[in-house]
Amino acid sequence: MAFNQDLSLYQNVKLGLLVSGKSFETAARDLNAKPESIKQRLHNKLVRNGKSTPLDKQIYEYLKKNCNGFTTYCRANKIKIVS
């Protein structure tokens, strides 16, 4: 599934997870995080104060494996984990 550039990263991730047979809540449970925390990290494009947190890294790796279109979207929009 290709992500829609007119939607936010969060909205695209929700749709990508649904296409993969998962829900956003399931992803949060799998990551041992609150859905609100993951939503906030996605709105911040997985960077906080110029760096990525351990949760950002977990989210990124999880979505790479479980969310169709996530890697392509990140590459196209220069979203990456910053150490």
Side-chain angles (χ1 to χ4, degrees):
M1 178 192 117
F3 276 21
N4 182 338
Q5 294 295 329
D6 294 332
L7 297 176
S8 72
L9 177 58
Y10 166 70
Q11 291 170 319
N12 276 304
V13 164
K14 276 184 73 170
L15 291 172
L17 286 169
L18 285 174
V19 168
S20 299
K22 295 188 178 276
S23 69
F24 193 74
E25 290 71 24
T26 301
R29 205 172 318 116
D30 291 348
L31 290 165
N32 293 320
K34 294 179 183 174
E36 298 81 26
S37 298
I38 295 173
K39 182 178 178 181
Q40 183 63 45
R41 302 311 314 136
L42 291 172
H43 281 303
N44 290 340
K45 303 221 189 292
L46 303 173
V47 175
R48 181 180 198 172
N49 296 329
K51 294 187 178 179
S52 299
T53 66
L55 179 58
D56 295 329
K57 293 173 187 173
Q58 285 181 309
I59 294 168
Y60 186 85
E61 291 302 320
Y62 182 87
L63 293 177
K64 267 180 30 179
K65 295 176 188 168
N66 296 292
C67 184
N68 292 334
F70 177 74
T71 304
T72 305
Y73 181 89
C74 287
R75 204 174 306 123
N77 291 283
K78 299 181 178 149
I79 297 171
K80 60 184 179 181
I81 297 298
V82 180
S83 299

Quick check: are there more than 12 heavy atoms from other residues, nucleotides or ligands sitting under 6.0 Å from NZ of Lys34?
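Atom NZ in Lys34 is not packed in, count stays at 12 or less.
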Any side-chain to backbone donor/acceptor pair from [X] onto [Y]? Under 3.5 Å, distance only.
| X | Y | answer |
| --- | --- | --- |
| Gln11 | Ser8 | yes |
| Ser52 | Val47 | no |
| Asp30 | Ala27 | no |
| Asn77 | Ile79 | no |
| Ser20 | Gly16 | yes |

Do the rings of Tyr10 and Phe24 sit parallel, tilted or perpendicular, given the 30° and 60° boundaries?
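It falls in the perpendicular class, over 60°.
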Angle between ring planes, Phe70 versus Tyr60, binned at 30° and 60°: parallel, tilted or perpendicular?
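Rings of Phe70 and Tyr60: perpendicular, as their planes differ by over 60°.
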Check step by step if salt bridge (charged side-chain N to carboxylate O under 4.0 Å, His left out) holds for Glu61 and Lys64.
CA-CA 5 Å; Glu61 291 302 320; Lys64 267 180 30 179; 3.6 Å; yes
[atom1]-[atom2] distance between [X] and [Y], expressed to the nearest 0.5 angstrom:
| X | Y | atom1 | atom2 | value |
| --- | --- | --- | --- | --- |
| Asn66 | Leu31 | CG | CG | 8.5 Å |
| Asp56 | Asn44 | CG | CG | 8.0 Å |
| Lys14 | Leu42 | NZ | CG | 11.5 Å |
| Gln5 | Asn12 | CD | CG | 7.5 Å |
| Gln58 | Asn32 | CD | CG | 7.5 Å |
| Tyr62 | Leu55 | OH | CG | 13.0 Å |

Side chain to side chain, [X] and [Y], heavy atoms closer than 4.5 Å:
| X | Y | value |
| --- | --- | --- |
| Phe3 | Thr72 | no |
| Leu17 | Ser23 | no |
| Thr53 | Leu46 | no |
| His43 | Leu9 | no |
| Leu7 | Leu15 | yes |

